[in-house]
Structure formats: structure tokens, C-alpha cells
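For reference, the structure discussed in these notes is given below.
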2 protein chains.
Amino acid sequence: MEFAKNQQNSWYENKEQLLVAVDCIIFGFDKEILKLLVFKREIQPLKGSWSLIGSFVRRNENSNQAGMRILKDITGLENIFMDELKTYSEVDRDPGARCISIAQYALIRIDDNNKELVNKHGAFWYSLDELPELVLDHNQMVKDALEKLREKARFSPIGFELLPKYFTLPQIQTLYEQIFQKKLDSRNFRKKLLSLNFLKKTEIKDKSSSKKGAYLYEFDYEKETDQNFIFKG
Amino acid sequence: MEFAKNQQNSWYENKEQLLVAVDCIIFGFDKEILKLLVFKREIQPLKGSWSLIGSFVRRNENSNQAGMRILKDITGLENIFMDELKTYSEVDRDPGARCISIAQYALIRIDDNNKELVNKHGAFWYSLDELPELVLDHNQMVKDALEKLREKARFSPIGFELLPKYFTLPQIQTLYEQIFQKKLDSRNFRKKLLSLNFLKKTEIKDKSSSKKGAYLYEFDYEKETDQNFIFKG
DNA sequence: AATAATAAATGTAATTATTACATTTATTAT
DNA sequence: ATAATAAATGTAATAATTACATTTATTATT
């Protein structure tokens, strides 16, 4: 067995072995709605059910690399924001094998570039409040990921991974409203956000959703000093 | 091989397998100093070096149960606060095997009950700023755990897992000072802490560290509503 | 050309939280 | 009685958060 050949110390041999997978909770925001990328599962058991996308971790990669590999396969994108959520290791979580999963959540900008690729993989962007039942413990993973996203959004300017390069203040407010799942006061929201000084205003207006038009902003990466950013929702 | 017998689906068979371990970052506070429990490693490679305590995850337990099993073995305690930190899965992290580790951090009260047991396992409580070099990526785990502890302390009343049932305000202030690694103003610290309303004052004084004596408090679990606790250090 | 409709942009006062800062108090040992 | 020690306490200034309603820029319609 290939595995055994690599062993250098007898103490490690014959230990109980588990399969190690990663599953990706992929969030996207299409300028209006926070969505999640889900897939038609292509393997037994539960073939045909909705599922997060995952893969086993290979011996020559770490868990983050495994997640990045999956993301690239599906969206064609590299350099996506991705962070570990937590591991799921219940004994019975997967009826097919004793398999733990290291869940990773990713934030991507939904745009036309990756729509095609995504379709090829039997994938679908679901609005978070219309999410179907997913296999195994994947619904729990999504729930946990959303909570983590909320935590993260409270303490760092998270939205920029999800927004296009140029975005309007109403757009980012909508995003935060969806993350926190409540309406925010636009005066207070803008005051807080602008006081943090990491938004650069342009003179261009986006008139796609109002007659007056809303100014486009971009994120000023130089100013993203973690200066006590606490967003109280 | 025992592993193969348990497989139900051919698709899972012959996948690359990794060993899965847990390592425990065990914090303790002896009323003065924040400490970490480290061990003389009993296995090759690196036998005799300082190390966190760990174990492989067994097929009939989840990662949390594995951590709890280790903690009970060593301290004799059950119901210890323990939470997942993150996984460590670098390809080369362990020269002995392709092994990922799910790091868990635990908070315990150092007291005489468990001192004996701890000694039996070649364990030693090190002050955090005198920590020796540990094997593998264990120093990194400690660093990450301390950061997580700090994060956690900012947003929830963490200290009570580390403090004895009855403790004084100077004691808890010292603990927070060690977690945040800076001096805190006692007037502001007490004001903030008491305003959160989850401390119950007793009329008993602890005179072990001053002539005047400091009142003992206990944690009021009923009032631990997560009411916007943000401790700005 | 005037008007209606729409969403974007804006300000202020009241409340609450945070910070900076020094003295008094209770007790024990001398 | 006094000295020594650490614990306990208050206040004023500043900053952050909240609650709340009107005006503005533009396009489409008449």
C-alpha cells in the first residue's frame, strides 16, 4: 500500500486511519442578494442530491490548497478569499466512510466570467433563504459559516471580497443587511462606514437602480488598517 | 486491514489516507500567571522534546471527544472548556507521517487536585513568556491559541473557566492583563466588569495578597447574557 | 415645459460608552 | 501609635452610537 511505504516510524504504522475531506461554503453576492453555490452530487451515496462541493485532501497538499484547487476547478479563479471554518468529525456524519471534513468558506464576486464554468459543474447559486436541503451535515456547515461571516463582518470590512471593484453605498448596505439579516439605518450606516476612511469615492454614478444614480466607490486597500472596526449591526 | 472492511462504497476505497490527530493547547491560571501545560514527548521522532499533548482520533470518536479523552487522562477532569482552534495540515508538518492535527484549546483551573496526575505524565506548567521550544508546529499552535483566547476575551466573559469558583477583582484583572499583555486601569476595568452584571459579590475577603484584603466574587451564570460584551482591552 | 415618481444623499440632538486621572480606606506589622 | 501595603472608589472630558425626516438629482410622463 502506497501509504505504508512512506512511513518512517513503526509507531505510526497500523494506526486508525480516517479519510480527510474539505468542503467549501462558497458565498457570492450578485449586487442584490447573498447567495451560496451548491452542487448536484455526482457520487454515491446520495447521488443527485444538493451538496456543497468538496474533495479529499491529497497527500501532497494542505487543506487550504485542497480548497483552492476545488475553487479553481469550478470557477476558474485563483486568489479567492478562503478561510477555515471548522472541522466536522462526527462518527456517523458520512454513511459512506469514516471521513472528517475540514470546512472552508470562500467569498467570491459573482460575475459573468465564471457563470459558464459554474454551469458546467452542475452548480447553482441559491439565495440563502431559499437554500434546499443539502446532504450529510452540509446545512449545518452553511449555518455555521453564515454565523462566522457575521462575526467577521462585525470586526473587519468584509464586504469587499464579495463586491465588485466599484460599488455603491446602497449596494454595500444591502450586503450588510443580508449578512446581519436586518434593516440598517442608511444615515448611520454611511456615517460609520465613511468614518473608517477606507472607501474612495469616484465621480461616476451608477444609474442602474435609480434615476438620481448612486456614486461608485472603491476600496482603498492602503487604508485598511484594522483601526478598531466594530460594526454593531 | 481493518479500515477497508468498514468501507461500504467502492468509490471511497483506495483514496489517499492521512492520519488525523488532535493536539491540546491547555491554558491554566494559578491566580497569578497564565500558564500552558506542556509535555515531554514519549515517542519517536523527537522523543524527549517538549510538546503539546495529543493523540490520534479514533474511529469511534469525534475530534472533540478525542480531546476530552486526553484531558481526562491527564488531569482527571471532565467537563472542561474546550474548543477547536484550527487544523494544521502542512504536508511536511510531521516528519513521521502525513498527519493532520486538529488543534483544540482548553481552559482549566490549576489546583491541587490535578497537580499529581499531571506530574505522572511528565507534564509541566510553563509560564507563557518562558515557554520552551516545542516540537513540530506546536509553538505556532500556541501562538494562534493565545490570539484566539484574546479574541474570545474581547467578546465574552472568558476568565471564569480559568479562575477558581471564588476570585477577587485584582485576580481577574491580572488574568486579563496577561491575556491582553498590557496593564489595565483598575478603575475602568472594575467599572466595565461590574456594569456587565454577571459578578456576584460575597462578603468574604481574601487576605492572601494584601493586608486590607480583597472581596471574593463568583460568576453569576444566570446573568451571562451575551449582552454586547465588548472589552476593548 | 411642467410635474410626478424614485431612490440617493444628508444633519442633528440625545444618549451611552470610553478614557484619563489621584486619593482614601482597611488592615497588619512594627 | 505609626508605617506600610494593596484595595477600593469618582468625576469630568471625549468619543461613539442611536433615533429620526427632509431635500436632492434625475428620468419618465403629461
Side-chain angles (χ1 to χ4, degrees), chain A residues 31-33 153-157 159 163 166-178 180 182-218 225-233, chain B residues 31-33 153-157 159 163 166-178 180 182-218 225-233:
Chain A
K31 291 190 183 178
E32 288 174 38
I33 298 179
R154 274 170 64 82
F155 306 115
S156 63
L163 291 163
Y166 296 98
F167 52 86
T168 67
L169 292 185
Q171 268 165 30
I172 190 172
Q173 180 173 344
T174 302
L175 172 58
Y176 271 74
E177 286 176 342
Q178 299 212 9
F180 290 115
K182 70 175 186 182
K183 274 272 165 208
L184 301 173
D185 180 277
S186 65
R187 285 160 295 188
N188 294 339
F189 181 80
R190 296 161 80 104
K191 199 193 313 175
K192 173 78 184 180
L193 213 60
L194 293 173
S195 78
L196 296 168
N197 271 358
F198 49 63
L199 293 188
K200 266 196 295 212
K201 188 182 180 185
T202 71
E203 287 308 310
I204 306 160
K205 280 187 165 183
D206 170 5
K207 293 190 178 161
S208 65
S209 64
S210 80
K211 288 161 183 168
K212 182 178 180 181
Y215 284 107
L216 288 170
Y217 287 76
E218 64 179 319
T225 57
D226 208 77
Q227 34 146 4
N228 227 30
F229 183 115
I230 296 179
F231 188 80
K232 295 211 172 161
Chain B
K31 292 193 181 174
E32 289 175 38
I33 298 179
R154 274 170 62 81
F155 307 115
S156 64
L163 290 164
Y166 296 98
F167 52 87
T168 67
L169 292 184
Q171 267 167 30
I172 191 171
Q173 179 172 344
T174 302
L175 172 57
Y176 271 74
E177 286 177 340
Q178 299 213 10
F180 290 115
K182 70 176 186 183
K183 275 271 165 210
L184 300 173
D185 179 277
S186 66
R187 284 160 293 189
N188 294 340
F189 180 81
R190 296 162 80 104
K191 199 193 312 175
K192 174 76 184 180
L193 213 61
L194 293 172
S195 77
L196 296 167
N197 270 359
F198 48 65
L199 293 189
K200 266 196 294 208
K201 189 182 178 183
T202 71
E203 288 308 310
I204 305 159
K205 279 187 165 183
D206 170 5
K207 294 189 179 162
S208 64
S209 64
S210 80
K211 289 161 181 167
K212 181 176 179 180
Y215 284 108
L216 287 171
Y217 287 75
E218 65 178 320
T225 57
D226 206 77
Q227 34 147 3
N228 227 31
F229 184 114
I230 296 180
F231 188 78
K232 295 210 170 161

B:Lys191 (side chain) and C:dT19 (base): donor-acceptor pair under 3.5 Å: yes
Spacing of A:Phe189 atom CZ relative to D:dT17 atom C1', expressed in whole Å: 15 Å
Paired nucleotide for C:dA29 [Watson-Crick or G-U wobble; both distances under 3.5 Å]: D:dT2
Inter-residue atom distance A:Thr168.OG1 - A:Asp206.CG, 0.5 Å rounding: 6.0 Å
Given DNA chain C, 5'-ward residue of the pair A:Ser210 and B:Ser186, judged by closest heavy atom: A:Ser210
Sugar-phosphate, base or nothing in reach of A:Ser209, heavy atoms under 4.0 Å: sugar-phosphate
Interatomic distance, B:Glu203 CD vs C:dA26 C1' [rounded to whole Å]: 14 Å
Candidates C:dC21, C:dG11, C:dT27 - which lies nearest the side chain of B:Lys207: C:dT27
Whichever of A:Gly213 and B:Lys201 has its nearest DNA chain D nucleotide further upstream toward 5': B:Lys201
Salt bridge present between A:Glu177 and A:Lys182 (N-O < 4.0 angstrom): no
Phosphate OP1/OP2 of D:dT17 contacted by A:Lys192 side-chain N/O (<4.0 Å): yes
Aromatic ring proximity A:Tyr166/A:Tyr217, centre distance under 6.0 Å: no
Check: B:Lys212 side chain, D:dA7 base, donor-acceptor under 3.5 Å: yes
Atom pair CD1/CG of A:Ile172 and A:Leu184 - distance to nearest 0.5 Å: 11.0 Å
Interatomic distance where CZ belongs to A:Arg190 and P belongs to D:dT18 [whole Å]: 18 Å
Identified pairing partner of D:dA8, criterion: Watson-Crick or G-U wobble below 3.5 Å: C:dT23
Minimum-distance nucleotide to A:Pro170 side chain [options: D:dT18, C:dA9, C:dC21]: C:dA9
Nearest-angstrom distance from the residue atom CD1 of B:Ile172 to C1' of D:dA8: 16 Å
Spacing of B:Asn188 atom CG and B:Leu193 atom CG [to the nearest 0.5 Å]: 12.0 Å
Options C:dC21, C:dA9, C:dA8, nucleotide nearest the side-chain atoms of A:Leu169: C:dA9
d(CZ, B:Arg154; C1', C:dT18) in whole Å: 13 Å
Value in whole Å for how far the P atom of C:dA26 lies from OH of B:Tyr215: 8 Å
Spacing between B:Lys205 atom NZ and C:dT28 atom C1', to the nearest angstrom: 12 Å
Separation of C:dA9 P from A:Lys211 NZ (nearest whole Å): 16 Å
